[in-house]
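No hydrogens, no waters, no symmetry mates; every other heavy atom, side chains included, goes into these values.
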Amino acid sequence: MKSIPIKLTSLLIGLLLIVNTVNAQTNTTSKTDIATQRLQQELERIAGLAKGKVGICALHLESGKQVSLNLQERFPMASTIKVAIAVQLFTMIEKGQLSLMTMVDLQPSDLHPGSGTLDVLFAKPGVQLSVQNLLELMMVISDNSATDILLRLVGGTQAVQNRVKALGIQGMSVDRTIIQLLADLDGITLPPSDKWTLGFYAKLDSVTTPEIKRAAAVKLKTDPRDTSTPEAMVNLLTQIYRGTALKPESRALLLGVMERCRGGAARLKGYLPPATVVAHKTGSLDGSATDDVGIITLPDNAGHIAIAVFVGDSPMPLAEREQTIAHAARSIYDYFLYQSPMGMNSVR
């Protein structure tokens with residue numbers, strides 16, 4: 001029996017190694033594809049619980065792998081718009097145009113709906129709050145008066161929109177103050193701002209008929225203003241985290257404030273392990289918008305997830321809409337934790 005030449009033997013061994021490597025990669029890819037397909041099906045099933053349109057985008061920040069549902073559909077941002085306002089605020093602070101220690105006088109016209117925390121302060125003339133105080137109020141308890149004060153300080157909605165555009169983000173519109181957004185939701189025509197005295201909004205609201213309110217709510221459902229795609233919101237969150245939107249010190253301050261967000265315990269955080277770190281911001285507009293966006297830190301150095309979940313117009317009770325967000329977040333959390341991020345394919 002003739003022996004096989006050494007060179008031929010080496011060639012055969014090399015071919016076998018290549019085949020085995022290809023088979024291993026194919027098996028891994030196949031398993032990943034199956035997991036991705038199952039996640040996609042699960043997200044679609046979960047979205048059905050809301051009985052309305054649901055938008056999801058989740059990006060594993062270290063690997064760049066993404067999962068999504070209705071990625072480029074528009075949804076009302078509600079108070080999640082405050083993330084964009086905060087980015088413009090820190091941009092101005094970085095330029096030396098503002099400081100966290102800048103003191104701001106509280107005026108009677110600054111008291112807006114959704115600001116119960118500040119009611120007592122507005123009753124006392126000469127009260128001031130720092131920009132840092134206002135930032136905490138805006139991001140931690142979603143105070144609307146603090147938000148509109150900051151929005152005025154940073155140059156208004158157009159300045160925020162310009163900052164979003166400068167970051168190359170498409171699919172996000174910043175158009176109205178919070179009080180104007182709420183007035184449009186309630187069917188209230190606002191008088192000139194010099195007529196905004198303590199309690200003026202409540203008086204206007206008390207004489208607005210249910211028919212006007214219903215018509216306003218219906219109109220808001222198709223209003224393109226102050227909306228975002230899930231993709232655009234995750235783009236903004238990603239740029240915050242990666243340091244392209246803000247400098248490291250600003251990034252750390254903003255994410256720290258977002259980690260203290262008191263709202264939405266039943267949303268992104270609802271079904272995550274109790275110790276999970278989530279820097280987030282919620283948003284709500286009755287049944288028209290139930291939102292939560294932010295950055296989830298995975299355990300065991302498995303990375304971070306930038307995530308936006310928007311539940312659009314839905315007839316379901318708030319608890320059901322929030323569970324939709326919580327179920328989606330947990331499914332995505334498990335997917336990125338248990339799969340190898342570097343081997344996954346993105347799905348849309």
Side-chain angles (χ1 to χ4, degrees), residues 28 31-50 54-71 75 80 83 228-242 251 254-256 258-283 290-311 318-348:
T28 301
K31 289 177 182 178
T32 301
D33 288 343
I34 291 172
T36 300
Q37 290 169 11
R38 287 176 176 168
L39 175 63
Q40 189 71 39
Q41 292 169 354
E42 180 66 1
L43 292 180
E44 291 171 358
R45 184 193 67 79
I46 291 168
L49 300 175
V54 176
I56 301 171
C57 182
L59 178 72
H60 187 266
L61 291 166
E62 284 73 17
S63 69
K65 304 306 177 183
Q66 179 176 287
V67 294
S68 62
L69 182 69
N70 293 321
L71 182 68
F75 294 84
T80 66
V83 177
S228 176
T229 64
E231 181 179 48
M233 183 58 74
V234 165
N235 189 343
L236 179 61
L237 292 167
T238 299
Q239 293 203 47
I240 292 170
Y241 182 83
R242 290 179 175 168
R251 165 191 177 275
L254 177 53
L255 292 180
M258 291 173 68
E259 286 176 15
R260 296 193 292 277
C261 178
R262 294 182 188 174
R267 298 188 189 184
L268 286 180
K269 301 170 80 171
Y271 295 137
L272 298 181
T276 304
V277 177
V278 183
H280 68 123
K281 183 71 197 75
T282 57
T290 309
D291 309 331
D292 205 356
V293 308
I295 295 172
I296 299 171
T297 300
L298 295 170
D300 303 323
N301 296 316
H304 302 79
I305 305 167
I307 183 170
V309 184
F310 295 132
V311 178
L318 175 62
E320 299 291 333
R321 303 194 304 268
E322 290 189 322
Q323 281 195 359
T324 299
I325 297 174
H327 281 300
R330 184 56 194 250
S331 296
I332 290 166
Y333 173 96
D334 289 343
Y335 174 75
F336 284 120
L337 179 61
Y338 299 138
Q339 300 296 315
S340 172
M342 301 311 292
M344 291 188 292
N345 297 316
S346 63
V347 299
R348 298 176 187 270

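A 4.5 Å side-chain heavy-atom check between V293 and H280 finds every atom pair outside the cut-off. With a 4.5 Å cut-off on side-chain heavy atoms, T80 and S228 do not count as touching.
Side-chain atoms of Q323 do not come within 3.5 Å of backbone N or O of L318 as any donor-acceptor pair.
Qualifying side-chain hydrogen bond (donor to acceptor under 3.5 Å, both in side chains) partners for D291, counting only residues two or more places apart in sequence or in other chains: none. With sequence neighbours excluded, no residue forms a side-chain hydrogen bond (donor to acceptor under 3.5 Å, both in side chains) with R251. For R38, the salt bridge (charged side-chain N to carboxylate O under 4.0 Å, His left out) test picks out no residue, with sequence neighbours left out. Q239 is linked by a side-chain contact (heavy atoms from CB on, under 4.5 Å) to L167, I169, N235, T244, A245, counting only residues two or more places apart in sequence or in another chain. Among residues two or more places apart in sequence or in another chain, the side-chain contact (heavy atoms from CB on, under 4.5 Å) test is passed with R242 by L59, L61, T238. Partners of E259 according to the side-chain hydrogen bond (donor to acceptor under 3.5 Å, both in side chains) rule, which considers only residues two or more places apart in sequence or in another chain, do not exist here. Listed by chain and residue number, nothing satisfies the ring-ring contact (aromatic ring centres under 6.0 Å, His included) test with Y333 (two or more places apart in sequence, or in another chain). By the side-chain hydrogen bond (donor to acceptor under 3.5 Å, both in side chains) test, R321 pairs with T290, sequence neighbours left out. Partners of P274 under the side-chain contact (heavy atoms from CB on, under 4.5 Å) rule, at least two apart in sequence or in another chain, do not exist in this structure. Residues satisfying the side-chain contact (heavy atoms from CB on, under 4.5 Å) criterion with T229, sequence neighbours excluded, are R74, E231, A232.
Nearest heavy-atom pair, P230 versus L71, reported as atom, atom and distance to 0.1 Å: CD-O, 3.1 Å. The nearest pair of heavy atoms linking I240 to L254 is CD1-CD2, 4.0 Å. Contact record, F336 with K65: CZ-O, 3.6 Å, taken as the closest heavy-atom pair. Nearest heavy atoms, A329 versus L272: O-CD2, 4.1 Å.
Among L268, V309, I307, the single residue meeting the side chain to side chain contact (heavy atoms under 4.5 Å, CB included) criterion with I332 is I307.
The salt bridge (Lys or Arg N to Asp or Glu O under 4.0 Å) analysis of residues 266-278, with sequence neighbours excluded, yields the pairs R267-E322.
Distance CG/L69 to CD1/I56: 5.0 Å, rounded to 0.5 Å.
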